[in-house]
Amino acid sequence: MIETVIRKRIEILADKALQKRVTDAIDRAGITGWTIVPVTSGRGREGHWREESVMGTDKVFVLTIAAEDKAMALAEELAPMLTDLGFILSMWDVQVIRGERFD
Amino acid sequence: MIETVIRKRIEILADKALQKRVTDAIDRAGITGWTIVPVTSGRGREGHWREESVMGTDKVFVLTIAAEDKAMALAEELAPMLTDLGFILSMWDVQVIRGERFD
Amino acid sequence: MIETVIRKRIEILADKALQKRVTDAIDRAGITGWTIVPVTSGRGREGHWREESVMGTDKVFVLTIAAEDKAMALAEELAPMLTDLGFILSMWDVQVIRGERFD
Amino acid sequence: MFETAIQTFTSPVVLFFVLGLFAAYVRSDLAIPEPIAKAMSLYLMAAIGLKGGVAVAKSGIDGTVIAALAAGIVAGFVLPLFAYVVLKSFGKLDRINSGAVAAHYGSISVVTFVTAGEILTGQGREPGGFMVAVMAAMEAPAILSGLMLARGAGSKSGTQSTGEMLHEVFTNSSIVLLLGAFAIGMLGGAQGFAEVSPFFEAGFKGVLCIFLLDMGLIAARRMMDSRAVTWRLGVIAIFLPIVNGAAGTALGIGIGLDAGSAAALGVLCASASYIAVPAAMRLALPEADPGIYLTMSLSITFPFNVLINIGLISAFAAMLTGAGGATP
Amino acid sequence: MFETAIQTFTSPVVLFFVLGLFAAYVRSDLAIPEPIAKAMSLYLMAAIGLKGGVAVAKSGIDGTVIAALAAGIVAGFVLPLFAYVVLKSFGKLDRINSGAVAAHYGSISVVTFVTAGEILTGQGREPGGFMVAVMAAMEAPAILSGLMLARGAGSKSGTQSTGEMLHEVFTNSSIVLLLGAFAIGMLGGAQGFAEVSPFFEAGFKGVLCIFLLDMGLIAARRMMDSRAVTWRLGVIAIFLPIVNGAAGTALGIGIGLDAGSAAALGVLCASASYIAVPAAMRLALPEADPGIYLTMSLSITFPFNVLINIGLISAFAAMLTGAGGATP
Amino acid sequence: MFETAIQTFTSPVVLFFVLGLFAAYVRSDLAIPEPIAKAMSLYLMAAIGLKGGVAVAKSGIDGTVIAALAAGIVAGFVLPLFAYVVLKSFGKLDRINSGAVAAHYGSISVVTFVTAGEILTGQGREPGGFMVAVMAAMEAPAILSGLMLARGAGSKSGTQSTGEMLHEVFTNSSIVLLLGAFAIGMLGGAQGFAEVSPFFEAGFKGVLCIFLLDMGLIAARRMMDSRAVTWRLGVIAIFLPIVNGAAGTALGIGIGLDAGSAAALGVLCASASYIAVPAAMRLALPEADPGIYLTMSLSITFPFNVLINIGLISAFAAMLTGAGGATP
Ligand SMILES: Nc1ncnc2c1ncn2[C@@H]1O[C@H](COP(=O)(O)O)[C@@H](O)[C@H]1O
Ligand SMILES: Nc1ncnc2c1ncn2[C@@H]1O[C@H](COP(=O)(O)O)[C@@H](O)[C@H]1O
Ligand SMILES: Nc1ncnc2c1ncn2[C@@H]1O[C@H](COP(=O)(O)O)[C@@H](O)[C@H]1O
Ligand code: NA
Ligand code: NA
Ligand code: NA
């Protein structure tokens, strides 16, 4: 049977305009990569929004897979942004193949 | 070290045309928000489909993060729709920062 | 309370041009279905890419939910592709309603 | 008649549709990006609405226009009844699916109408501008008719209040855009239209070509993927447009329309919706199977109308008015 | 004046905007796909830049042009100060939000300018081609002004170095495309433009119609969703464009511009940014509330300018030059 | 020659490409939405196919056309051999990557061809309509050639049956659309084309401007992100288009083509694919590194061809035919 190892998968919902701040933080944390998934609309405490690129109000999901320690360091670094800029972060354990790619 | 709490993350694959039924149910369940992610194609028991907005046959993922009890209540409420309308629901535990935003 | 069962959720990041190899493998594994989510950009060992459909360099997430044994069989089959083609696979346990749809 | 067929098959608009069918058939990866397809359908509706409005601003509203509107609305309510009976008996469909499919055949397809407009104009039988208003008026009634036929069976979690449904029907994007552009055309008149005509008029046929290329791709791909449609339903998807087309044309001539407008009414009756009605059915009758109604209307009736039936209807209209020689 | 209002309201461009407002108000699902909206805004900027460049290639750069550029840049720096005072006192906004909103009102809206260009040209008062360069010059100064007003309060995690900020401002897509197309227009001249004019000129008004349809939808939907804007802010969103518009027009006449160009300068002063500045503020002042600045500029000031204020400014410019009778 | 260079650099088409390079270089956020870019490339292919088909319908198919087709196909098979040798020896690439890159240089770039068409026409040397067919014929052979060169090394999980590969190559969207539109142009002839020409002809140059703006952005961004390309490969990406362009032009003159058509054949030989072939290689040779072949063809060869080489080839063709004075 194929061998899998456990890594953390982190998902951050961020403003597209501010996406670079998140990916820069990921790069600084020494994580091997990240992936951006588009988002079309949502509702939170500040009401409903729709994808309105013309006005620059749209959001994206930034996904990254990393070893637990780097993941926690990233979460720590992003924490103030979460509060100030209204980003959302969630993370959970996943099994991956070839874990060395996500160290 | 930064403190995280456990919440449920729920993901529902629904027809775009019927998305409002799902988000209305989330609002009724008292969950703080939701986010929509686009989907481009898929295959299930009913065969293959592609994004065909002109004909209104496309689908979306509705994502929401909530405390366990509200998540279960939502699942309960959505259960009949899953059967009748062919929606798909899955959920799992995630760690979040500032858990009070997802109660 | 509504009853849920545990299934594996598998997520594969693949080149759009090679997506059919992944979905064919899912079909061969006897899994009931799959869903494609678009991806807009990313960074890995090979540097940064952006969605450039004109040049055919874009990627997608292929998502599928399946019983543990089929999921592992799929991971086994996909493992060589992961190495050769630079795909990324992660999986984790999720709760689903009406588990028979994902056997 | 033969001449008509030749004309149809050398029109670039129709040829691009055939190219789309062909490309899907050989499993080419040719595809029109979906936001572009949506934009083209909005463009076509805005353009046709404007043009109709300008035409009516010039010609005014007279008895014929009122009669055409009334005929269209009545047809929208009545055609589903006939379709429903055929679908339940010969088609062996259950009540809910019969109602859903019937709603599609009573309603109209904007693109079929637009294509017919091009073909008829090419044959010297341009339909009156008011036919755009008739088309808009025919979109909704069949939805109500079809739902009433289907609803006896009850529908569980999918049930939508009638209020919601009516709101949905009257504010759906195609109605709002068509009628809105029609109103703008009437208010702005020929002068206002002149300013925007390079965009809305000069580009029209070209956009229609690319849109039909896409429709050909979608129709053929759906046909090849589909398993839900029996041969009986296939027969109905050809039979209904023939009968409804002839009936609509005759009705048009009966109420005094010119050959072009009567043919256009025939095309509206013959065409089946594949945008507005599927969306409404997905909301109001979610238990009905989209695999059935979309494949019938989009993959069988739509190509049949574009490739063959518009030509037949035009010839029939010419025959009825004794103006078979009108082709230049 | 009344005539002007009528002209405004039979222009297809304005009517499509009203249709968008209406469709959103009745909660229709009409929507322009977002990549299409973005493409239309790029198209409009490329077209207007080209046209301006060709015009300046023909007319050359003289003292008036320099004066207009200087006036625009000064206005861009000064207008936010006035707006800031009004927003803090009457508007009861805090320092950061006042600075952010002030930046929007000092900067400009390309679409308002383009719409004004169409309306003014229709009234026989076409603005000079160099006004496009003035517009480009006015985009950035207000951002710097607004930030300086807001920054005293400090900004935590959102802080961006001034270098980054300036880079952001001078390389944002609208500045690059506007000035790039302007330069291409100047280099290629009338001959180069002739080759591409069917695309950039003939399609212009039609694209503007569809773009304003979309803006109407977005403006009205945002208004209906929004809760962040108080009545005081609503009043300011009407008051500022009136005062700034009159001041800008008078300034234009004062430095010797013709009525059309002076009115265009007035419109630039009156208009509030809803593309470039929100993007810059999101980066530089992330603590400011987009719900406030977007709703004010997009949902109140923009419609007010398009529907009413452009007409007022045009009439005012005509009055100042004693050329009220210029309307053909 | 100098004149030619000036002409190239005042053409709006080329200037927009330069603007794209510049905007990417200053790290502007300017970007064309991806569905729009895709739609523009479909539009350009449909337009060029139609135009070629109409031209051939008028001129008929004679010996020259056949010779040009044969020359193109032979070149498609042979050019990769030469490129492969250079890439392996001077370029120090391994077998698989040499084969993959060679396939790109043997095949063609539609946009380079279209841009050359504009530039050549501007110089009074319009290529014959049949060159579109030659272009379509040259797309595939190099893919087969390149694969045979690379395959000796074997390829593991990526291996695709030759049947699949051929199907892929002959049904890829650009071949189907080009040849489909060509056929429609031949069937519909000048009359059919007249109906759609406002869309496909009038808009052509403008769309090409925006498309080249986007290509400039993409080419420069890829260049700046890339690390895979050595200086040796950079040299080859300039050397191959020069040699292949001269050889192709001479071949064209040799088989009796007019100067414009011969130059067009030269441009086809000089250009490297960055759409069809990368897609085919990703499927058939997934072990090859896209970072190498895309950067070479798109970020070096493509700009070199557009900015410099088309002008050189045109001058060379004029020299060979002794018609240097043909420039009006
Ligand atoms: N409980 C939630 N689950 C999923 N997404 C959420 C949730 N709450 C907020 N969001 C997303 O986060 C965005 C900003 O939320 P807020 O800052 O609360 O307005 C919303 O528009 C949603 O897209
Ligand atoms: N650690 C990671 N987490 C999430 N996505 C990643 C990660 N590493 C790589 N990727 C994605 O996988 C793609 C290919 O990675 P690579 O093969 O390392 O260049 C990247 O462009 C990213 O989209
Ligand atoms: N096992 C699965 N994993 C992921 N997505 C699925 C699965 N089964 C079905 N789907 C998605 O759900 C849609 C509807 O499924 P069905 O109702 O079975 O036709 C499919 O088109 C897929 O997008
Ligand atoms: Na009908
Ligand atoms: Na202003
Ligand atoms: Na070549």
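Below, chain A is the first sequence line, B the second, and so on; all start at residue 1.
- In this structure, chain D has heavy atoms under 4.5 Å from both the backbone and the side chain of E:Leu15.
- Atom CZ of E:Phe22 and atom OG1 of D:Thr171 lie 9.5 Å apart (nearest 0.5 Å).
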When the side chains of residues 189-209 of chain E are checked against the rest of the protein, which donor-acceptor pairs come out under 3.5 Å, sequence neighbours left out?
residue, atom, partner, partner atom, Å
E:Glu195, OE1, F:Lys205, NZ, 2.8
E:Ser197, OG, E:Ala194, O, 3.2
E:Lys205, NZ, D:Glu195, OE1, 2.8
E:Lys205, NZ, E:Glu118, OE1, 3.2

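- Residues from residues 179-186 of chain D that place a non-hydrogen atom less than 4.5 Å from a non-hydrogen atom of chain E comprise D:Gly180, D:Ala181, D:Ile184, given in numerical order.
- Only the side chain of E:Leu19 comes within less than 4.5 Å of a heavy atom of chain D; its backbone N, CA, C and O stay farther away.
- Heavy atoms of E:Ala39 lying under 4.5 Å from chain D are absent altogether.
- For D:Leu50, the part lying near chain E is the side chain, with the backbone staying farther off; criterion is any non-hydrogen pair under 4.5 Å.
- Closest heavy-atom contact between D:Pro35 and E:Pro33: O-CG, 3.5 Å.
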Q) Step by step, would you call D:Leu42 with E:Ile36 a side chain to side chain contact (heavy atoms under 4.5 Å, CB included)? A) CA-CA 11 Å; D:Leu42 295 177; E:Ile36 303 295; over 6 Å; no

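- When atom types are taken as modelled, the side chain of D:Ser173 and the backbone of E:Leu30 share no donor-acceptor pair closer than 3.5 angstrom.
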